[in-house]
Amino acid sequence: MIIRPEDLAGMMLDGLDEEAWQEIQKVNKHMTLTGIYEDLLTPAMYHVGELWQENKISVADEHLATATCDFLLSRLERREEKQPSPDAPKALLFGVAEEQHYLGLRMAASIFRARGWSVKYLGPNLPAEQALAFAEKWQPQAVAMSAALSYRLPSLFSYIEAFTALKEKPAVLLGGKMARERDVGELFSGEVIRMDGLRTLERWIEGEEEGGTYARSQS
């Protein structure tokens, strides 16, 4: 029987990392990596977030749950580790300035790696000039950013303007809460590809989603 996300959240809040891992192990052979991320870990952490917003848990509790989820991700990532080929497409992932959430980015990086991409995950809260300098040096085919709150929109415009002006023209992907709740494609005049979930990212990599032409052109 698959554990409910709410029960998994309870284990995370108690810091029961090994017990939570045992529950994940029960479904590890029957669910895809994306399925585990989307149907178990993500809703579990959403539940933790809701409890925090309702003042039912403390910041310390939320941090413990995040650390436990991070532990589970580290173990899951080993499940489908692949060594990219020298000519593998490259994906650069990071959270925009002041964005502290990073679990979704880690999951996205894992999905890219599982499909043979070379990945550089730069973590949360990366200033635009630093992200741009790294992209100019590394020349990725995809740049994936994460942003949660609408008040980050002004700074997002500077990121989008910089990355869409690059000579190599990487695909610019935006995920996080903002991408789930707003049509960022229209907001940024079609220059950004909206990733409203990890299954959308998976389809984009496989060339089955709008804008996902890179995978098709390389097949």
Side-chain angles (χ1 to χ4, degrees), residues 37 42 45 49 59 62-63 66-67 69-71 73-74 77 81-182 184-185 187-198 200-202 204-205 211-212 214-215:
Y37 288 164
T42 297
M45 288 306 298
V59 172
E62 190 271 340
H63 284 192
T66 299
C69 187
D70 198 72
F71 166 83
L73 286 177
S74 294
E77 285 169 348
E81 279 187 351
K82 292 183 179 179
Q83 187 65 31
S85 64
D87 60 346
K90 296 185 285 190
L92 175 66
L93 299 94
F94 61 90
V96 301
E98 299 184 19
E99 178 59 62
Q100 301 298 334
H101 296 88
Y102 67 92
L103 293 175
L105 274 173
R106 276 201 64 181
M107 295 178 194
S110 179
I111 289 172
F112 271 112
R113 289 191 184 101
R115 279 152 186 79
W117 285 56
S118 177
V119 173
K120 298 295 185 186
Y121 163 61
L122 304 185
N125 191 21
L126 187 68
E129 62 272 16
Q130 298 295 323
L132 182 64
F134 195 97
E136 288 177 328
K137 176 179 65 176
W138 198 50
Q139 299 183 7
Q141 279 72 44
V143 174
M145 298 177 288
S146 177
L149 304 175
S150 295
Y151 71 76
R152 305 208 199 285
L153 276 174
S155 65
L156 264 178
F157 277 100
S158 64
Y159 284 87
I160 304 307
E161 182 179 10
F163 283 111
T164 54
L166 286 173
K167 182 174 67 174
E168 295 78 18
K169 298 296 181 185
V172 180
L173 318 179
L174 180 63
K177 185 177 179 182
M178 190 183 299
R180 291 192 302 272
E181 297 178 353
R182 305 191 64 158
V184 294
L187 190 63
F188 294 107
S189 303
E191 295 178 316
V192 174
I193 303 170
R194 177 190 183 201
M195 293 290 131
D196 58 1
L198 296 172
T200 302
L201 173 62
E202 189 175 51
W204 182 86
I205 293 172
Y214 188 81

Inset, instruction - Determine whether M145 and V192 make a side-chain contact, defined as any pair of heavy atoms from C-beta on separated by less than 4.5 Å. - result: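 When only atoms from C-beta onward are counted, V192 and M145 do not touch, as no gap falls below 4.5 Å.
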Minimum heavy-atom separation for [X] and [Y], please, with both atom names.
{"X": "A88", "Y": "S118", "answer": "CB-N, 4.1 Å"}
{"X": "I205", "Y": "R115", "answer": "CG2-CD, 3.8 Å"}
{"X": "A108", "Y": "L201", "answer": "CB-CD2, 3.6 Å"}
{"X": "G123", "Y": "L105", "answer": "O-CD1, 4.3 Å"}
{"X": "P124", "Y": "E99", "answer": "CB-O, 3.1 Å"}
{"X": "A147", "Y": "V96", "answer": "CB-CG2, 4.0 Å"}

To the nearest 0.5 Å, what is the distance between [atom1] on [X] and [atom2] on [Y]?
{"X": "C69", "Y": "M107", "atom1": "SG", "atom2": "CE", "result": "4.5 Å"}
{"X": "E77", "Y": "I111", "atom1": "CD", "atom2": "CD1", "result": "10.5 Å"}
{"X": "K120", "Y": "K90", "atom1": "NZ", "atom2": "NZ", "result": "9.0 Å"}
{"X": "M195", "Y": "S146", "atom1": "CE", "atom2": "OG", "result": "12.5 Å"}
{"X": "D70", "Y": "H63", "atom1": "CG", "atom2": "NE2", "result": "12.5 Å"}

In chain order, what residues pass the side-chain hydrogen bond (donor to acceptor under 3.5 Å, both in side chains) check against [X], with sequence neighbours excluded?
{"X": "Y121", "answer": "none"}
{"X": "T66", "answer": "E62"}
{"X": "Y37", "answer": "S110"}

Only pairs under 3.5 Å count here: list side-chain donor-acceptor contacts from residues 163-176, not counting sequence neighbours, and write none if there are none.
unit_1	atom_1	unit_2	atom_2	d
T164	OG1	I160	O	2.7
T164	OG1	E161	O	3.3
K169	NZ	T164	O	2.7

Tabulate below the donor-acceptor pairs under 3.5 Å that side-chain atoms of residues 125-138 make, not counting sequence neighbours, or state none.
unit_1	atom_1	unit_2	atom_2	d
N125	OD1	E98	N	2.6

Inset, instruction - For F112, check ring-ring contact (aromatic ring centres under 6.0 Å, His included) against everything at least two apart and list the hits. - result: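 For F112 the ring-ring contact (aromatic ring centres under 6.0 Å, His included) partners, ignoring immediate neighbours, are W117.
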